[in-house]
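The block underneath contains the structure these notes are about, expressed in structure tokens.
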Amino acid sequence: MEYNFSEIEKNWQARWASEKTFKAEIDKGKPKFYVLDMFPYPSGAGLHVGHPLGYIASDIYSRYKRLKGFNVLHPMGYDAFGLPAEQYAIQTGQHPATTTEKNIKRYREQLDRIGFSFDWEREVRTCDPDYYKWTQWAFVQMFEHWYDFSTHKARAIAELEKIFEISGNIALNAACGDVPLFSASEWSKMERERRSEILMEYRIAYLGETSVNWCAALGTVLANDEVKEGLSVRGGHPVEQKKMRQWQLRVSAYAERLLKDMEELEWTESLKEMQRNWIGKSQGAEMTFKVMNGESEYSLDIFTTRADTIYGATFMVLAPESEWVERLTSNEQKVEVEAYLAAAKKKTERERMAESKKVTGVFSGSFAINPFTQEKIPVWIAEYVLAGYGTGAIMAVPAHDSRDYTFARHFNLPVIPLIEGCDVSEESFDAKEGVMCNSGFLNGMSVKEAIPAAIDEVERRGIGRRKINYRLRDAIFSRQRYWGEPFPIYYNDGIATPLSIEKLPLELPEVDKFLPTESGEPPLARAENWSFNGWPLEKSTMPGFAGSSAYYLRYMDPSNREALVSKDANNYWRDVDLYIGGTEHATGHLIYSRFWNKFLYDLGYVCEKEPFRKLINQGMIQGRSNFVYRVKGTNKFVSYGLKDSYDTTEIHVDVNIVNNDRLDLEAFRNWMPEYENSELILEDGEYICGWAVEKMSKSMFNVVNPDTICDKYGADTLRMYEMFLGPLEQSKPWDTNGIDGVHRFLKRFWRLFFERENFRVSEEAASPAELKVLHKLINKVQTDIENFSFNTSVSAFMIAVNDLYELNCNKRSILEPMVVLISPFAPHIAEELWSKLGHNSSISFAMFPEYFEKFTIENSFEYPVSFNGKLRFKLELDRSLSVQEIEAAVRSNENTEKFLAGGSIKKIIVVPGKIINIVC
RNA sequence: GCUCGGGUGGUGGAAUAGGUAGACACGCAGGACUUAAAAUCCUGUGGGCAGAAAUGUCCGUACGGGUUCGAUUCCCGUCCCGAGCACCA
């Protein structure tokens with residue numbers, strides 16, 4: 001009987017859907033297991049063969065866990081708000097909702113063909129008002145809370161107002177912006193506007209002036225993780241710095257917890273490292289310098305991690321955007337400084353980065369006093385100091401900081417070495433090692449001793465204190481775009497006020513065009529009556545990460561109208577046990593989501609402080625492009641092996657008309673009109689194409705559609721082949737060439753159950769040799785799945801099937817467990833054979849937790865062997881024994897007999913005094 | 001520049017508490033079946049040398065050293081590739 005995969009797959013997919021096989025429900029009698037994929041943005045191009053890689057892996061794991069008796073939650077949905085749909089809408093006038101809906105439908109069709117065990121009843125879409133109601137709700141919660149560093153928790157704004165009434169903000173240790181100290185009586189005398197301004201500085205979701213990444217081409221601001229190398233991640237447009245009043249989330253308040261709680265997560269070290277870098281904790285000191293601009297005297301704060309180098313601070317530097325620049329520019333220097341600032345301002349972020357090696361700067365005309373040497377040192381303004389980090393001002397120690405060094409050499413400022421024996425004639429000495437000199441009371445100490453000693457002295461003198469700084473900035477939350485969640489905020493007399501929960505969701509209004517208005521306002525300004533009770537509503541929308549920050553919680557209870565997630569559902573499903581997705585979200589989504597979760601945790605809405613316990617980053621699947629070689633100036637194409645004897649141009653050719661790098665000549669001539677009459681110069685009667693690994697994209701004609709593979713080979717082959725391609729976490733090119741091997745294997749597997757046309761499975765008891773094949777496989781597949789080493793388990797199946805052919809085995813006691821074993825990988829064929837073996841219900845209902853254990857070596861196999869084909873044990877051997885005597889001892893050992901199971905010894909490797917390996 | 005990964009046949013990749021390097025698959029070559037093709041099955045396949053052959057032998061896991069009876073695996077140095085961060089004081 002033929003392995004008719006298309007019929008088998010169609011039937012079982014229909015049956016899974018109609019029987020709701022993968023519907024997950026709370027079952028307190030079973031342990032839960034939550035397997036989540038990063039949900040896709042449904043783009044217009046549809047899925048290519050690289051997209052499902054992670055979904056296949058998570059599906060294998062989900063199905064495996066179900067077999068082991070877990071109650072598995074495995075949902076899927078769509079991250080549906082986003083820029084491409086909006087850009088497309090601007091070009092075509094089609095509503096983004098329409099194109100998004102269309103794309104989702106297409107995605108769903110493609111996904112369904114691969115046979116995933118998703119519970120589609122839990123599907124979420126971020127653009128659905130019933131969904132984004134809870135995104136808006138969370139935002140309102142953040143608006144109505146502040147962060148208290150003394151309790152390490154978010155607390156209600158109402159509590160903050162009480163504190164202000166009783167004691168002002170003097171004793172407060174809160175995450176906040178720039179707020180002057182005030183007493184209770186001062187607070188009581190403040191106007192409503194002033195109070196709301198102050199409260200705004202404390203809110204976790206707040207409106208504030210900040211330097212933002214402005215992308216003129218997109219007409220919107222972008223978050224730091226949406227900008228790479230000065231260009232927007234989406235679209236690659238230039239980005240510049242601009243001061244704007246924007247909604248922000250006080251993520252920085254959670255920096256320490258985000259850092260600390262990561263320790264216990266099962267994430268890869270490199271991913272954790274990326275987050276650590278992004279959070280960028282550094283311990284040091286804040287120090288105050290006296291600065292003088294002519295007669296006026298000020299106190300300027302700086303941050304440093306190297307307080308020990310204070311004696312070598314020979315000048316100071318301000319960021320061009322620093323508010324100190326104006327105060328500290330002397331009249332004589334005014335013209336020069338203004339010219340410098342204007343030039344700096346004009347540069348885009350990209351230009352600034354490209355020129356980062358160029359040294360630029362200008363003297364402000366002011367001087368500071370080094371508090372330890374009492375020297376008068378100049379204050380400069382330079383681009384290499386960033387306004388957003390620390391205080392936007394530094395003390396420069398050219399001898400021990402390479403950036404200060406380059407600057408000092410360029411502008412001829414003094415360099416004072418502070419470490420004995422260091423040579424600063426060519427470059428600075430940045431290492432934190434050596435013995436201090438030229439440093440007053442620090443002389444003779446090692447750097448490691450000097451750092452705390454210097455800070456102690458600074459604190460004793462009252463000119464500074466210990467300080468921890470984080471690189472992590474607050475997230476800019478406003479986007480001047482249409483296709484996103486509207487802010488549930490209106491401006492009552494200009495005061496930002498949230499809508500109450502009963503008014504949510506605040507739905508996205510209709511607009512005539514999806515572009516900004518002529519006056520530069522966001523697209524929502526085009527909406528008629530965009531107001532609440534006559535007050536204007538906020539016109540920007542939320543960024544892409546808003547909707548993806550809590551979606552894993554919504555899956556737990558997707559249709560709840562009263563809450564984001566019920567207590568009951570949350571207490572059962574708790575957190576994501578396994579999260580699979582691309583590494584590109586390492587510093588965006590994965591930070592925001594953790595922050596969002598921690599905030600809801602503080603408020604008691606969720607019960608776990610971390611959302612994603614274990615995380616796997618699947619590698620990207622790249623394209624494998626094919627080339628033909630056109631002889632320049634002709635319509636002749638020469639085969640790969642002959643191309644060097646001609647002057648040729650390399651041209652991409654559609655990989656779908658190439659097989660094993662052999663060009664389908666007929667298809668090529670029909671591919672494009674210009675090739676219709678081309679002349680092909682062959683070698684050995686064939687046209688061989690060149691190839692290269694590139695990004696999978698339409699323009700390179702190397703996109704392989706999973707539908708094509710499903711048509712030709714079936715979903716089970718696609719699933720197994722994607723796993724067989726290589727380690728899950730590694731990036732690798734897609735190469736359709738190898739797929740035949742996997743397809744052949746499935747056909748061979750199928751034929752194990754048939755004799756000629758008949759299904760024939762024997763009820764006879766299995767032989768030891770047959771059992772050995774099965775147990776070897778169970779052992780291997782189980783450990784491989786647990787380690788996400790799916791490529792080697794596919795190999796293990798192939799070996800087992802080959803072995804069974806050799807043994808001519810068709811016994812139920814061997815084949816039935818094999819069907820169970822293979823079902824996570826190739827569920828359709830497994831279901832079909834399972835039903836042919838006489839089982840009525842789906843193999844997914846089989847759920848034998850014991851099935852895997854039953855067949856592990858320890859529990860059932862009588863041979864104490866290691867399955868690598870090697871037996872290892874220690875024998876008490878005398879080193880004087882001859883080779884023959886050792887062999888005799890090995891042969892007569894009882895373990896050897898058991899291991900051989902009737903086979904014979906091929907080779908014995910004896911390592912004196914250690915191990916004996918027997919190969920059979 | 002800094003921080004992580006990683007360099008194994010023609011190709012994708014196996015194998016590390018140090019113990020037969022190249023599992024499994026692709027490709028290639030040869031063969032069986034067939035009028036033929038497809039499908040299926042069998043055999044060979046890292047390189048050199050010797051041999052008619054079975055086989056033997058030497059060299060081989062980026063390069064150079066080291067530890068060890070034994071190194072793809074551990075240590076030191078060099079080169080190359082990939083990813084991330086990039087004036088964070």
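A, B, ... follow the sequence lines: proteins, then strands. Residue 1 opens every chain. Just so it is clear, the model here is predicted, and its values are computed rather than measured.
Evaluation of the ring pair (Phe, Tyr, Trp, His ring centres under 6.0 Å) rule for Y687(A) yields no partner, not counting sequence neighbours. Shown here are the side chain to side chain contact (heavy atoms under 4.5 Å, CB included) partners of T736(A), two or more places apart in sequence or in another chain: V704(A), I709(A), W734(A), I739(A). Y592(A) is linked by a ring pair (Phe, Tyr, Trp, His ring centres under 6.0 Å) to F545(A), counting only residues two or more places apart in sequence or in another chain. Considering only residues two or more places apart in sequence or on other chains, Y713(A) meets the ring pair (Phe, Tyr, Trp, His ring centres under 6.0 Å) condition with H743(A). Partners of S402(A) by side chain to side chain contact (heavy atoms under 4.5 Å, CB included), not counting sequence neighbours, listed by chain and number: S428(A), D430(A). Judged as a ring pair (Phe, Tyr, Trp, His ring centres under 6.0 Å), and not counting sequence neighbours, F303(A) has no contacts. Evaluation of the salt bridge (charged side-chain N to carboxylate O under 4.0 Å, His left out) rule for D301(A) yields no partner, not counting sequence neighbours.
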Are any protein N/O atoms closer than 3.5 Å to N/O atoms in nucleotides 41-45 of chain B? If there are, list each pair with its distance.
residue, atom, partner, partner atom, Å
C41(B), OP1, R748(A), NH1, 2.8
C41(B), OP1, R751(A), NH2, 3.3

For nucleotides 3-7 of chain B, which of its nitrogen or oxygen atoms have a protein nitrogen or oxygen under 3.5 Å away, and what is each distance?
none

Is there any protein nitrogen or oxygen under 3.5 Å from a nitrogen or oxygen in nucleotides 11-13 of chain B, and what are the pairs?
residue, atom, partner, partner atom, Å
G12(B), O2', L725(A), O, 2.7
G13(B), OP1, Q730(A), NE2, 2.6

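A stem is defined here as three or more consecutive Watson-Crick or G-U pairs, each with both distances under 3.5 Å; for RNA chain B these stems are B:1-7 with B:79-85, B:10-12 with B:24-26, B:27-32 with B:40-45, B:46-50 with B:55-59, B:62-66 with B:74-78.
Atom CE of M620(A) is separated from atom P of A83(B) by 9 Å (rounded to the nearest Å). C24(B) atom C1' lies 12 Å from atom NZ of K776(A), rounded to whole Å. A straight line from CG of L746(A) to P of C24(B) spans 18 Å, rounded to a whole angstrom. Between the CH2 atom of W734(A) and the P atom of C26(B) there is a distance of 15 Å, rounded to whole Å. Counting to the nearest Å, the P atom of C26(B) and the CE atom of M720(A) are 14 Å from each other. Across the protein-nucleic acid pair, N802(A) atom CG and A25(B) atom C1' stand 11 Å apart, rounded to whole Å. Remark: C1' of C87(B) and CG of L318(A) are 16 Å apart, rounded to the nearest angstrom. Atoms CG (N737(A)) and C1' (G27(B)) sit 8 Å apart, rounded to a whole Å.
The gap from the C1' atom of U72(B) to that of U16(B) amounts to 8 Å, rounded to the nearest Å. For the C1' atoms, the distance linking G60(B) with G51(B) amounts to 22 Å, nearest Å. Using atom C1' as the reference point in both G56(B) and G70(B), the two lie 23 Å apart (nearest Å). Comparing G46(B) with A14(B), their C1' atoms sit 15 Å apart, to the nearest whole Å. Taking atom C1' on both C33(B) and U43(B), the two are 15 Å apart, rounded to the nearest angstrom. One P atom belongs to U11(B), the other to G47(B), and the distance between them is 12 Å to the nearest Å. U34(B) and A38(B) have their C1' atoms separated by 10 Å, with the value rounded to a whole Å. Across the P atoms, C63(B) and U8(B) are found 10 Å apart, a figure rounded to whole Å.
With no hydrogens or angles considered, no side-chain donor-acceptor pair links N277(A) and R471(A) at under 3.5 Å. For the residue pair T792(A)/S789(A), the side-chain donor-acceptor check at 3.5 Å is satisfied.
Between Y389(A) and A89(B) there is a side-chain N or O to OP1 or OP2 distance below 4.0 Å. Regarding contacts with the backbone of A89(B), a side-chain N or O of S282(A) is found under 4.0 angstrom from either OP1 or OP2.
G9(B) adopts a syn glycosidic conformation, its chi angle falling within 90° of 0.
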Tell me which donor-acceptor pairs under 3.5 Å the side chains of residues 309-316 of chain A have, and how far apart each pair is, sequence neighbours excluded?
residue, atom, partner, partner atom, Å
T309(A), OG1, R306(A), O, 2.7
T314(A), OG1, P414(A), O, 2.9

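Below 30°, between 30° and 60°, or above 60°: for F797(A) and F745(A) the angle between ring planes is between 30° and 60°, a tilted geometry. Using cut-offs of 30° and 60° for the angle between ring planes, the F790(A) and F825(A) rings count as perpendicular. Below 30°, between 30° and 60°, or above 60°: for F411(A) and W380(A) the angle between ring planes is between 30° and 60°, a tilted geometry. Using cut-offs of 30° and 60° on the angle between ring planes, the pair F749(A) and F753(A) is perpendicular.
V447(A) pairs with exactly one of L418(A), D308(A), L442(A) by the side chain to side chain contact (heavy atoms under 4.5 Å, CB included) rule, that one being D308(A).
Of the candidates A39(B), C24(B), A89(B), the closest approach to any side-chain atom of I799(A) belongs to C24(B).
Both A387(A) and T792(A) lie close to RNA chain B; mapped to their nearest nucleotides by heavy-atom distance, the more 5′-ward contact belongs to T792(A).
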